[in-house]
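These notes are about the structure you will find just below.
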Amino acid sequence: MAASIAARSSVISISRQITAKPSPSDREPRSTVSFRQPYIGRRNVRLLASVNSNGGATGGKSDSKAPALEIPNIEDDSTYDVVSGVPSHLLPKPLSSTQYSKPASEGSRLRVAYQGVRGAYSESAAEKAYPNCEAVPCDQFDAAFQAVERWLVDRAVLPIENSLGGSIHRNYDLLLRHRLHIVGEVKLAVRHCLLANHGVKVEDLKRVLSHPQALAQCENTLTKLGLVREAVDDTAGAAKDVALRNLKDTGAVASSAAAAIYGMDILAEDIQDDCDNVTRFLILAREPIIPGTDRPFKTSIVFSLEWGPGALFKALAVFALRQINLTKIESRPLRNQPSRSSDTCFDYLFYVDFEASMADQNAQNALRHLKEFATFLRVLGSYPLDTTML
Ligand SMILES: O=C(O)C(=O)C[C@]1(C(=O)O)C=C[C@@H](O)C=C1
């Protein structure tokens with residue numbers, strides 16, 4: 001199994017997945033609240049990671065022939081971290097909410113993974129979250145998750161929803177598949193530009209490349225211009241591609257930062273359909289933060305329910321009864337699970353964000369109540385709200 005980082009600022013791409021990926025149902029005992037839910041008992045967890053000469057994995061060797069790290073089979077009954085297989089008592093202590101937001105000091109810059117290439121909005125979000133960080137590009141969302149799990153980076157900053165385009169479903173699914181913790185959120189105002197190579201005019205354009213979310217956010221403008229849309233992995237990658245191939249009939253929807261980096265002209269600014277175009281990103285870490293009550297906190301959970309009338313109503317009532325405000329609900333299909341009802345093959349996972357800290361007795365009571373009838377429940381993180389956009 002190989003994780004490769006090609007060069008200091010090049011893209012992380014994880015070529016193979018960590019093998020054991022149990023479905024939610026076999027990862028979690030039923031009706032269990034897990035803030036940090038390690039595997040208990042006998043497990044064979046193997047983690048292999050290798051980093052090449054420029055990679056600089058956190059705490060790892062920087063030699064392309066560095067031996068792969070192999071965590072041996074675990075045969076006793078201690079508690080182990082599901083990701084690394086390391087006994088829990090050897091793992092670092094959780095970060096406090098003040099520690100996580102402290103800017104990294106010189107010489108020990110935090111490495112923060114994001115999806116995309118330089119100039120992507122996700123890079124700006126990583127820099128907003130950690131102003132002094134070393135932002136590390138990853139080719140896919142999954143690679144960013146794995147980069148954190150394998151200690152190649154310290155954090156990942158990934159988009160979860162946009163005020164115009166809606167949820168980034170892939171990241172909801174990955175949150176459950178991986179064992180990272182949400183330690184913060186960042187809201188970023190996204191202002192799209194139409195970019196083209198020097199000398200190209202709007203009338204010359206036939207096609208436009210960008211991330212599907214960015215294309216969706218500029219739907220009206222692109223329709224007016226009559227441009228054929230082509231989806232690519234990220235906005236800045238689109239700009240880079242158009243610039244490198246010196247295309248004259250193709251533009252890109254990307255940031256003004258991408259225009260500067262790839263030497264392109266800005267043909268139009270603020271082309272998103274609504275000036276209030278905000279993307280919310282999650283900050284992910286290997287360890288949770290200790291929830292506080294010193295400032296506004298949000299908690300993200302995921303649960304599933306028995307099938308039946310009023311099941312979701314009853315679940316949401318545990319928050320309403322306690323005056324806890326919900327800020328987001330998202331449902332995703334519950335995969336690899338035989339359907340529990342006879343007449344439908346649709347079972348769901350519900351992702352809910354609510355405005356309370358897990359340090360609040362009220363929030364703890366709500367989850368205890370939900371646990372009484374949820375078939376699965378996991379706390380993804382309890383973290384300070386990003387109020388900078390309000
Ligand atoms: O392509 C980028 O620049 C990204 O950072 C990705 C992304 C997304 O996935 O939503 C982030 C913010 C914008 O909403 C558009 C695209």
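In this text the structure is predicted, and so the values were computed from the model without any measurement. Numbering of ligands and ligand atoms starts at 1, following listing order.
At a 3.5 angstrom cut-off on N or O pairs, His192 does not count as close to ligand 1. Here's the thing with Tyr121: one of its N/O atoms is less than 3.5 angstrom from an N/O atom of ligand 1.
Between Asn362 and Gln364, the side chains place no donor N or O within less than 3.5 Å of an acceptor N or O (distance only, hydrogens not considered). There is a side-chain donor-acceptor pair under 3.5 Å between Ser167 and Lys328. Checking Ser300 against Arg378 by side-chain atom types alone, no donor-acceptor pair falls below 3.5 Å.
Summarising the geometry of Leu267 relative to Val200, their closest heavy-atom pair is CD2-O, 3.5 Å, with the distance given to 0.1 Å.
Every atom of ligand 1 with a heavy atom of Gln213 under 4.0 Å away is listed here by number and element: 10 (O).
Looking from atom 11 (C) of ligand 1 to the surrounding protein, the closest heavy atom is Phe281 CZ, 4.0 Å. Nearest to atom 3 (O) of ligand 1 among the protein's heavy atoms is Thr235 OG1, 2.5 Å. Summary of contacts: the protein heavy atom closest to atom 4 (C) of ligand 1 is Ser122 OG, 3.4 Å.
A salt bridge does not link Asp173 with Arg177: none of the charged nitrogens is closer than 4.0 Å to a carboxylate oxygen. Contact check on Asp386 versus Lys187 returns no salt bridge, with no Lys/Arg side-chain nitrogen under 4.0 Å from an Asp/Glu carboxylate oxygen.
One option in Gln272, His211, Arg170 has a heavy atom closer to atom 8 (C) of ligand 1 than any other, and that option is His211.
A side-chain donor-acceptor contact under 3.5 Å links Thr221 to the backbone of Ile271.
At a heavy-atom distance under 4.0 Å, only side-chain atoms of Asn162, from C-beta outward, approach ligand 1. Only side-chain heavy atoms of Gln217 come within less than 4.0 Å of ligand 1; its backbone N, CA, C and O stay farther off. Residue contacts with ligand 1, taken as heavy atom pairs separated by less than 4.0 Å, involve Pro159 solely via side-chain atoms from C-beta onward. If you look at Thr279 next to ligand 1, the close heavy atoms, those under 4.0 Å, all belong to the side chain.
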Exercise. Let me see the working for His192 and Tyr121 under ring pair (Phe, Tyr, Trp, His ring centres under 6.0 Å), right down to the final yes or no.
Key: CA-CA 10 Å; His192 293 300; Tyr121 294 101; 5.1 Å; yes

